[in-house]
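Reading through the structure tokens given below for one structure.
Any value given below was found using the heavy atoms of this structure, including those in side chains, with hydrogens, waters and symmetry copies removed. Predicted model, so just to flag it, every value in this text is computed and none were measured.
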Amino acid sequence: MSRAERLLLAIKAAGRRAGVELLRFNPTNSLDAARARIVRDQAIDLVVDAGANCGQWATELRAGGYRGAIVSFEPLAAAHAALAAAAADDAAWTLHRLALGDRDGEAELHVAANQGASSSLLPMGEEHRRAAPEAGYVNRETVRIARLDALELPAATRLMLKLDVQGAERAALDGATATLPRVRVIECELSLVELYEGQALMRELVDRLAASGFELWGLRPAFADPVSARLLQADGLFVRAPYHAGLPATQATAP
């Protein structure tokens, strides 16, 4: 055994004693890498970014090589201001201060303490409050809400839809039924337990998207209970079937 291998084993053993499992990083096997490849293969020409927060996800998408149009939706005032700063120099990135839902009008947004990341249109569930007490609600804002189907989007035929809407996934999909046939890729938060009261859980969303022609292509753990280590939420990547990785969109999917 080489010195480097002995050192690696010692580091891993120390990590286990501290309750941490160290695994070899494989950049080709990450959700980010899968997303970048699928977006390229599917020739995506518009990305709808619902729940943009401060623009972190869209910035990652750009880092993965996507140069097409992005339309971001973020209802929270403070987060939208940071989002505007992130998109200021990107002419292909447009913003709307609103939440996607199943109706058009106004709604009350519960503002979370963790820089708005857990802010939701729904009351926070007990599991969420227990696992992340620092994310509790501290304020409320009245925000605009709209159906994606009611909005004028840039002309495009091959869309990606990203939903980071803190429990409002069912409502956002209900308001996008006419748009969904143009969607080729979906990235969506999937909750294994009720983090927000009345939300759709992972099984319902996976079954619903499967019924609309989407295959679950990848998963990434996103939120776990810090005491029990139980997984509470994951990020799911879906692609419209049939899809064969590495083939261009004209060969990988039917038009």
With a 4.5 Å limit on heavy-atom distance, are the side chains of [X] and [Y] in contact?
X      : Y      : result
Thr94  : Ser72  : no
Val71  : Trp93  : no
Glu197 : Leu122 : no
Leu195 : Leu232 : yes
Val193 : Arg230 : yes
His244 : Asp41  : no
Arg144 : Pro75  : no
Arg35  : Val39  : yes

Next item on the list: Can you tell me which residue pairs pass the salt bridge (charged side-chain N to carboxylate O under 4.0 Å, His left out) test with a partner in residues 114-134, sequence neighbours excluded?
Entry: Glu127-Arg130, Arg130-Asp225
Notebook entry, point to check: salt bridge (charged side-chain N to carboxylate O under 4.0 Å, His left out): which pairs involve residues 69-93, sequence neighbours left out?
Noted result: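 Applying salt bridge (charged side-chain N to carboxylate O under 4.0 Å, His left out) to every pair that reaches into residues 69-93, excluding sequence neighbours, yields Arg62-Asp90.
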Item checked: Test log, rule side chain to side chain contact (heavy atoms under 4.5 Å, CB included), inputs Ser191 and Gln199 -> CA-CA 9 Å; Ser191 294; Gln199 73 171 123; 3.2 Å; yes
Next item on the list: Please identify each residue that fulfils ring pair (Phe, Tyr, Trp, His ring centres under 6.0 Å) with Trp217, with sequence neighbours left out.
Entry: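 Here the qualifying residues are Tyr243.
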Item checked: Residues which pass ring pair (Phe, Tyr, Trp, His ring centres under 6.0 Å) with Phe73, listed by chain and number, not counting sequence neighbours ->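 Partners of Phe73 under the ring pair (Phe, Tyr, Trp, His ring centres under 6.0 Å) test: His96.
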Answer yes if [X] and [Y] sit in the same cluster of Ile, Leu, Val, Met, Phe, Trp and Tyr residues linked by side chain heavy atoms under 4.5 Å apart, and no otherwise.
X      : Y      : answer
Ile145 : Leu83  : no
Val183 : Val185 : no
Leu173 : Leu216 : yes
Val165 : Phe223 : no
Ile186 : Leu201 : no

Specify the closest pair of heavy atoms between [X] and [Y], including all atoms of both residues, with the distance to one decimal.
X      : Y      : answer
Ala84  : Leu95  : CA-CD1, 3.4 Å
Tyr137 : Ser120 : OH-CB, 3.4 Å
Leu31  : Gly218 : CD1-C, 3.7 Å
Asp149 : Ala178 : OD2-N, 2.9 Å
Ala224 : Ala229 : CB-O, 4.2 Å
Ala135 : Ala112 : O-CB, 3.3 Å

Can you tell me how far apart [atom1] ([X]) and [atom2] ([Y]) are? Round to the nearest 0.5 Å.
X      : Y      : atom1 : atom2 : value
Glu106 : Leu98  : CD    : CG    : 11.5 Å
Leu109 : Ser119 : CG    : OG    : 5.5 Å
Leu148 : Leu161 : CG    : CG    : 6.5 Å
Leu237 : Glu215 : CG    : CD    : 11.5 Å
Glu187 : Ile38  : CD    : CD1   : 9.5 Å
Gln56  : Leu61  : CD    : CG    : 13.5 Å

Check: How would you list all residue pairs meeting side-chain hydrogen bond (donor to acceptor under 3.5 Å, both in side chains) that involve residues 164-176, not counting sequence neighbours?
Finding: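 Qualifying pairs, neighbours excluded: Asp164-Gln166, Gln166-Glu189, Gln166-Tyr196, Arg170-Glu204, Asp174-Arg208.
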Check: Which residues satisfy the side chain to side chain contact (heavy atoms under 4.5 Å, CB included) test with Ala156, sequence neighbours excluded?
Finding: Asp45, Leu46, Leu159
Note to self: Could you walk me through whether Gln233 and Leu190 satisfy the side chain to side chain contact (heavy atoms under 4.5 Å, CB included) test, starting with their C-alpha distance in whole Å, then the side-chain angles of each, then the deciding distance to 0.1 Å, before giving a yes or no?
What the structure shows: CA-CA 6 Å; Gln233 191 177 70; Leu190 303 169; 5.9 Å; no
Next item on the list: Could you go through the side chain to side chain contact (heavy atoms under 4.5 Å, CB included) check for Leu100 and Arg147 one step at a time?
Entry: CA-CA 6 Å; Leu100 294 185; Arg147 294 172 297 118; over 6 Å; no
Next item on the list: Please say whether more than 12 non-hydrogen atoms of neighbouring residues, nucleotides or ligands are located less than 6.0 Å from CZ in Arg140.
Entry: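 Counting neighbours around CZ of Arg140, 12 or fewer heavy atoms of other residues, nucleotides or ligands fall under 6.0 Å, so no.
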Note to self: For the CZ atom on Arg67, are there more than 12 heavy atoms of other groups (residues, nucleotides or ligands in this structure) within a distance under 6.0 Å?
What the structure shows: yes
Next item on the list: Go through the steps to decide whether Thr142 and Glu108 satisfy the test side chain to side chain donor-acceptor pair (under 3.5 Å), and finish with yes or no.
Entry: CA-CA 5 Å; Thr142 299; Glu108 187 173 73; 5.5 Å; no
Next item on the list: Say whether, by atom type as modelled, one donor and one acceptor occur between the side chain of Asp32 and the main chain of Ala36 under 3.5 angstrom.
Entry: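 The answer is no, because no donor-acceptor pair under 3.5 Å joins these two groups.
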Check: Under the 3.5 angstrom rule, does the side chain of Arg97 hit a backbone N or O of His80 as a donor-acceptor pair?
Finding: no
Check: Under the side chain to side chain contact (heavy atoms under 4.5 Å, CB included) criterion, do Leu76 and Val143 qualify, and how do the steps go?
Finding: CA-CA 7 Å; Leu76 184 62; Val143 300; over 6 Å; no
